[in-house]
Amino acid sequence: MAARVEWTAADYAAKEAMERIIDDSALAYRVIAERMGGVVSHVRIGYIHNGEKSPVRLSEFLAICDVCGADPVQTVRDILAEARRIEAERAADEVADRIAANPDDFDVAASIDPHKRDEANTPRE
């Protein structure tokens, strides 16, 4: 059995883009497959639309864009922008999780300094 594919942020963004393109075309999976000359089965188009199995391949992406009337260049730009947003969100979530798991590691020094009142009341020169 083949190893399970780990999806990247770009894969998730591409899935969303493919879902939107297929939905906007208002074409059935079978119609898309027929217009592609059977290069991609209607079952696989359903998997791509629903984010099942493996991420969309470049050849599938280009064929779906062509049949559904989507601009592949603009779609790639949109996918990259969304992937960057997803990655930034994941990074922020990871930091928040680390802080929640170890709050003492992230205390502000002024909050725990035993001399904080003395320091606050000392005039600066």
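What you see is a predicted model; the values in this text were computed from it and never measured.
- Taking a cutoff of 4.0 Å between a charged side-chain nitrogen and a carboxylate oxygen, Glu19 and Lys15 qualify as a salt bridge.
- The shortest distance between side-chain heavy atoms of Ile64 and Ile21 falls below 4.5 Å.
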Report the C-alpha separation of Thr75 and Asp78 in whole Å, then their side-chain angles, then the decisive distance to 0.1 Å, and conclude whether the side-chain hydrogen bond (donor to acceptor under 3.5 Å, both in side chains) test is met. CA-CA 5 Å; Thr75 303; Asp78 295 343; 5.3 Å; no
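- Across Ala17 and Ile79, no two heavy atoms sit closer than the pair CB-CG1, 3.8 Å.
- Hydrophobic clustering of Ile, Leu, Val, Met, Phe, Trp and Tyr side chains at less than 4.5 Å, counting indirect connections, unites Val31 with Met36.
- Both Leu27 and Val56 are assigned to one and the same hydrophobic cluster, defined by single-linkage of ILVMFWY side chains at heavy-atom distances under 4.5 Å.
- Using a 4.0 Å cut-off between charged nitrogen and carboxylate oxygen, Arg84 and Glu87 do not count as a salt-bridge pair.
- Under the 4.5 Å side-chain contact rule for hydrophobic residues, Val5 and Ile48 do not share a cluster.
- Residues Leu80 and Phe61 share a single hydrophobic cluster, defined by chaining ILVMFWY side chains whose heavy atoms lie under 4.5 Å apart.
- In the displayed structure, Arg30 atom CZ is contacted under 6.0 Å by at most 12 heavy atoms of other residues, nucleotides or ligands.
- For the pair Asp93 (side chain) and Arg90 (backbone), a donor-acceptor distance under 3.5 Å is absent.
- At distances below 3.5 Å, not a single donor-acceptor pair connects side-chain atoms of Asp66 with backbone N or O atoms of Leu62.
- Side-chain contact check for Cys65 versus Met18: some heavy-atom pair is nearer than 4.5 Å.
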In sequence, state the C-alpha distance, the side-chain angles, and the governing distance for Arg98 and Glu94, and then conclude on salt bridge (Lys or Arg N to Asp or Glu O under 4.0 Å).
CA-CA 6 Å; Arg98 283 192 3 229; Glu94 288 174 11; over 6 Å; no
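- A chain of hydrophobic side-chain contacts below 4.5 Å, direct or via other Ile, Leu, Val, Met, Phe, Trp or Tyr residues, connects Val40 to Val67.
- Looking only at distances, a side-chain donor or acceptor of Asp71 sits under 3.5 Å from a matching main-chain atom of Val73.
- Checking each of Arg44, Glu34, His42, His49 against Tyr29 for a side chain to side chain donor-acceptor pair (under 3.5 Å) leaves exactly one that passes, namely His49.
- Interatomic distance, Cys68 SG to Ile45 CD1, rounded to the nearest 0.5 Å: 8.0 Å.
- Separation of atoms OG (Ser25) and CD1 (Ile32) is listed at 4.0 Å; rounding is to 0.5 Å.
- Considering every non-hydrogen atom in both Pro55 and Glu60, the closest pair reads O-OE1, 4.3 Å.
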